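Every chain is numbered from 1 and lettered A, B, ... according to where its sequence line falls, protein lines coming before strand lines. For clarity, every value in this text was computed on a predicted model and none was experimentally measured.
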There are 2 protein chains.
Amino acid sequence: MNESVKRPTGRHHGDLRRALEQAALELVAENGPGGFTLAEASRRAGVSVAAPYKHFADRGALLAALVLRGYTEQRERYRTAMAARPDPAGQLAAFAEAYVQFAADQRALFELTFAAGLDKARYPDLVEAGSSLLELLDAPARTLRGDGAQARGLVLAVAASAHGQAVFLLEGVLADQPDPLAQARRQAASAAKALTDAYGQTPPASKTAP
Amino acid sequence: MNESVKRPTGRHHGDLRRALEQAALELVAENGPGGFTLAEASRRAGVSVAAPYKHFADRGALLAALVLRGYTEQRERYRTAMAARPDPAGQLAAFAEAYVQFAADQRALFELTFAAGLDKARYPDLVEAGSSLLELLDAPARTLRGDGAQARGLVLAVAASAHGQAVFLLEGVLADQPDPLAQARRQAASAAKALTDAYGQTPPASKTAP
DNA sequence: GTCTATAGCTGGATAGAC
DNA sequence: GTCTATCCAGCTATAGAC
């Protein structure tokens with residue numbers, strides 16, 4: 001992918017901002033979340049270490065931009081995956097499957113959203129974007145369970161299960177399986193279904209409206 | 001920050017090795033897995049930056065020791081928690097609960113086992129110790145499902161769900177709940193039960209315990 | 001918008017005295 | 001086993017030229 005164009009380090013980029021983000025992602029993919037440095041990303045983008053500061057306030061700003069992109073991309077994916085299903089239970093399962101798929105497709109982006117190590121107080125937008133992801137599950141969960149607290153429980157159960165499968169997949173826990181990705185996807189989906197069924201059994205004496 | 005505390009920096013420790021590990025854990029607890037440096041740990045232990053090298057080959061060796069300790073401690077906890085239950089399903093639930101509890105009690109140790117960023121090829125012992133954790137679930141899972149592949153699925157489903165709950169708890173996703181820890185524990189346990197029930201429905205014609 | 005140059009800092013690791 | 005001293009590397013960020 002990266003042609004051996006060893007930039008004489010003097011050319012201007014069409015979109016340095018994007019190039020830096022891309023380089024950062026590669027670094028994270030190769031060396032983990034802690035493996036990203038502004039200096040190395042600059043080198044890979046073929047610019048000096050000073051150039052990034054025209055596009056990002058500091059190192060953290062670049063990371064924050066990536067995390068935000070990660071959330072946005074996830075949201076879009078999950079929304080699409082869920083929209084393809086008519087039934088609430090199917091939507092929850094679709095989410096779980098898409099969650100695992102995203103972790104596999106965009107490993108660096110996925111890891112960053114959980115391990116960027118950013119000061120949450122300094123980037124409140126990210127917290128917002130993160131919680132908006134789980135909100136996608138509110139509609140189907142409420143359709144199934146009505147009550148707020150119990151619906152919330154179902155949302156968390158499905159998401160937690162999917163997250164665990166995703167982490168296990170990336171961490172190599174499933175390495176002994178024939179097709180780890182397919183395995184994780186299937187597991188996440190069927191766990192979502194099982195959790196939905198189990199939780200759906202207990203509407204505590206009908207809808208307890210607040 | 002603490003420069004006023006000018007350690008005489010000349011005293012000998014009873015157990016520097018342990019003191020360094022402890023300081024490292026505090027660093028991770030405060031600043032995340034990436035927040036650990038040998039230099040800062042040395043400062044906190046009240047010794048020079050050269051001292052650690054008499055106890056650890058390098059920075060990675062200290063981290064590896066911690067990760068190993070984390071696995072050992074987890075194993076012991078899970079074993080104990082499971083031993084208190086007579087039924088396989090209860091054992092799986094007990095594991096899930098204990099898993100969340102460990103993450104809460106030993107946050108730094110828990111985070112390190114997943115984000116130490118160690119070269120797995122260089123520390124094969126850690127991989128071994130890690131997978132031995134899930135093996136604790138094999139016995140109850142096999143009792144419930146007999147078949148190897150299906151039992152494996154149940155093991156992974158329960159563990160993944162527990163892991164997700166633990167991460168959500170630490171990440172603050174449950175911050176809007178009254179008692180996040182209790183919530184996560186309960187959720188992990190009941191999810192384990194739900195998954196056990198669902199997966200237990202399809203035993204390949206072997207003896208299924210009630 | 002990008003470069004060169006640089007300041008300032010922190011960390012990992014080693015050598016040799018005690 | 002611990003210290004002092006030191007080296008070297010790498011990163012972040014800024015200033016000023018073009």
How close or far is atom [atom2] of [N] from atom [atom1] of [X], stated in whole angstroms?
{"X": "A:Phe36", "N": "D:dT12", "atom1": "CZ", "atom2": "C1'", "answer": "11 Å"}
{"X": "A:Phe56", "N": "D:dT14", "atom1": "CZ", "atom2": "C1'", "answer": "18 Å"}
{"X": "A:His55", "N": "D:dA13", "atom1": "NE2", "atom2": "C1'", "answer": "16 Å"}
{"X": "B:Asn31", "N": "C:dT10", "atom1": "CG", "atom2": "C1'", "answer": "14 Å"}
{"X": "A:Glu40", "N": "D:dA9", "atom1": "CD", "atom2": "C1'", "answer": "14 Å"}
{"X": "B:Leu63", "N": "C:dG11", "atom1": "CG", "atom2": "C1'", "answer": "14 Å"}

I need a per-nucleotide contact map over nucleotides 13-18 of chain C, read 5' to 3'. Cutoff is protein heavy atoms under 4.0 Å; write B for the base, S for backbone only, - otherwise.
BBB---
Using a distance-only test with no angle check, is there a side-chain donor-acceptor pair under 3.5 angstrom linking A:Gln101 and A:Asp105?
yes
Would you compute the distance between atom CZ of A:Arg43 and atom OG of A:Ser48 and round it to the nearest 0.5 angstrom?
11.0 Å
In Å and rounded to the nearest 0.5 Å, what is the CG to CZ distance from B:Leu25 to B:Arg107?
13.0 Å
Are OP1 or OP2 of C:dG11 and a side-chain N or O of B:Thr37 less than 4.0 angstrom apart?
yes
Output the single nucleotide from D:dC3, D:dT12, C:dG11 whose closest atom is nearest the side chain of B:Arg43.
C:dG11
Nearest to the side chain of B:Val47 - D:dC3, D:dC11, C:dT4?
D:dC3
For the residue pair B:Phe102 and B:Phe95, is the inter-centroid distance of their aromatic rings smaller than 6.0 Å?
no
Can you confirm if the aromatic rings of A:His163 and A:Phe168 lie within a centre distance of less than 6.0 Å?
no
Atom pairs and distances, donor-acceptor, side-chain atoms in residues 130-141 of chain B, under 3.5 Å, two or more places apart:
from: B:Ser131; atom 1: OG; to: B:Val127; atom 2: O; distance (Å): 3.1
from: B:Ser131; atom 1: OG; to: B:Glu128; atom 2: O; distance (Å): 3.1
from: B:Ser132; atom 1: OG; to: B:Arg75; atom 2: NH1; distance (Å): 3.3
from: B:Ser132; atom 1: OG; to: B:Ala129; atom 2: O; distance (Å): 3.0

